[in-house]
Amino acid sequence: MKLLNLNITFEQYTGVEELSGQDLALCQNAETALASSYSPYSKFRVGTAIRLASGEIILGSNQENLAYPSGLCAERVALFSIGSAYPNAVIESMAITAQTDAFDILKPVTSCGGCLQVMAEFERKQASPIEVIFYCLNGEVLKVPSVQSLLPFSFVEDRLAAKA
């Protein structure tokens with residue numbers, strides 16, 4: 001038996017004003033995405049902004065459905081939009097934030113396991129890291145250099161790959 005250890009490196013900021021101009025703009029776009037959230041049941045709005053290598057910004061917001069669990073998280077809404085409209089695009093970075101009127105969100109909200117797996121698939125497909133910024137409105141920011149850092153044991157099965 002071996003005892004192994006995993007470590008991740010990430011940056012922590014007290015607020016978005018400490019970020020570079022490009023990252024700050026991405027976070028502001030994620031805040032814009034909150035407005036299109038359809039969350040009448042949870043009242044928990046999530047917004048995502050994704051920057052492509054082309055410089056284009058793609059937005060996504062969570063979309064709930066009365067027939068739970070038929071809704072979709074903000075991250076997957078944005079990522080599947082990219083997969084559909086820009087299948088060969090390279091994703092550089094994504095910012096994710098949340099808001100609710102029910103309580104104060106005091107820490108950055110991170111992605112669920114399903115979203116992390118989809119994010120990992122996009123990162124693997126493009127063979128380059130996707131930087132992820134989780135941030136709390138008017139609060140803390142966490143910046144991770146790669147989805148691999150967040151889900152080191154993502155599901156991968158090379159035998160399922162398409163044959164040429």
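Predicted model, so just to flag it, every value in this text is computed and none were measured.
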If you apply the rule side-chain contact (heavy atoms from CB on, under 4.5 Å), what do you find for Lys107 with Cys136, and how did you get there?
CA-CA 6 Å; Lys107 294 285 183 188; Cys136 182; 5.9 Å; no

Could you check Ile58 against Leu52 for side-chain contact (heavy atoms from CB on, under 4.5 Å), going step by step and ending with a plain yes or no?
CA-CA 8 Å; Ile58 307 299; Leu52 303 179; 4.1 Å; yes

side-chain contact (heavy atoms from CB on, under 4.5 Å), that's the test. Do Val132 and Val147 meet it? Break it down for me.
CA-CA 7 Å; Val132 184; Val147 177; 3.9 Å; yes

Go through Val118 and Phe80 one step at a time and tell me if the side-chain contact (heavy atoms from CB on, under 4.5 Å) criterion holds.
CA-CA 9 Å; Val118 172; Phe80 293 154; 3.7 Å; yes

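Residues satisfying the salt bridge (Lys or Arg N to Asp or Glu O under 4.0 Å) test with Glu64, not counting sequence neighbours, are none.
Proximity of Cys27 to Thr97: side-chain heavy atoms (C-beta onward) are nowhere separated by under 4.5 Å. Taking 4.5 Å as the limit, some side-chain heavy atom of Leu150 sits within range of a side-chain heavy atom of Phe134. Between Leu79 and Ile50 there is a side-chain heavy-atom pair separated by less than 4.5 Å. Using a 4.5 Å cut-off on side-chain heavy atoms (C-beta onward), Leu26 and Ser93 make contact. Two residues are said to be in side-chain contact when any heavy atoms from C-beta on lie closer than 4.5 Å; Arg124 and Val156 meet this criterion.
There is a path of hydrophobic side-chain contacts, each under 4.5 Å, that joins Ile96 to Val109. Linking ILVMFWY residues whenever their side-chain heavy atoms come closer than 4.5 Å, directly or via other members, leaves Leu34 and Ile57 in distinct clusters. Hydrophobic clustering of Ile, Leu, Val, Met, Phe, Trp and Tyr side chains at less than 4.5 Å, counting indirect connections, keeps Val90 apart from Val144. Note on Met119 and Ile91: same hydrophobic cluster, where clusters join Ile, Leu, Val, Met, Phe, Trp and Tyr whose side-chain heavy atoms are under 4.5 Å apart, directly or indirectly. Tyr38 and Val46 are not part of a single hydrophobic cluster, where members link through side-chain heavy atoms under 4.5 Å apart.
No donor-acceptor distance shorter than 3.5 angstrom exists from the side chain of Ser37 to the backbone of Ala33, with no hydrogens or angles considered. A donor-acceptor pair under 3.5 Å is absent between the side-chain atoms of Glu11 and the main chain of Lys143, judged by distance alone. Of the possible polar contacts, none joining the Tyr135 side chain to the Val16 backbone as a donor-acceptor pair under 3.5 Å is found. The main-chain N or O of Lys43 is found under 3.5 Å from a side-chain atom of Thr100 such that the two form a donor-acceptor pair. Put simply, the side chain of Ser20 gets close to the backbone of Asp23: a donor and an acceptor are under 3.5 Å apart. A donor-acceptor distance shorter than 3.5 angstrom exists from the side chain of Asn65 to the backbone of Ala67, with no hydrogens or angles considered.
Separating the CG atom in Leu24 from the CG atom in Asn29 is a distance of 10.0 Å, to the nearest 0.5 Å. To the nearest 0.5 Å, atoms OH (Tyr13) and CG (Leu19) are separated by 6.0 Å.
Of all the heavy atoms in Glu92 and Ala53, the pair that sits closest is OE2-CA, 3.5 Å. In terms of heavy-atom proximity, Pro145 sits nearest to Pro129 at O-CB, 3.6 Å. Shown here for Arg45 and Ser39, the closest heavy-atom pair between the two residues is CG-OG, 3.4 Å.
Remark: the Gln126 side chain and the Ser128 side chain contain an N/O donor-acceptor pair separated by less than 3.5 Å. Side-chain N/O atoms of Glu123 and Ser146 include a donor and acceptor closer than 3.5 Å.
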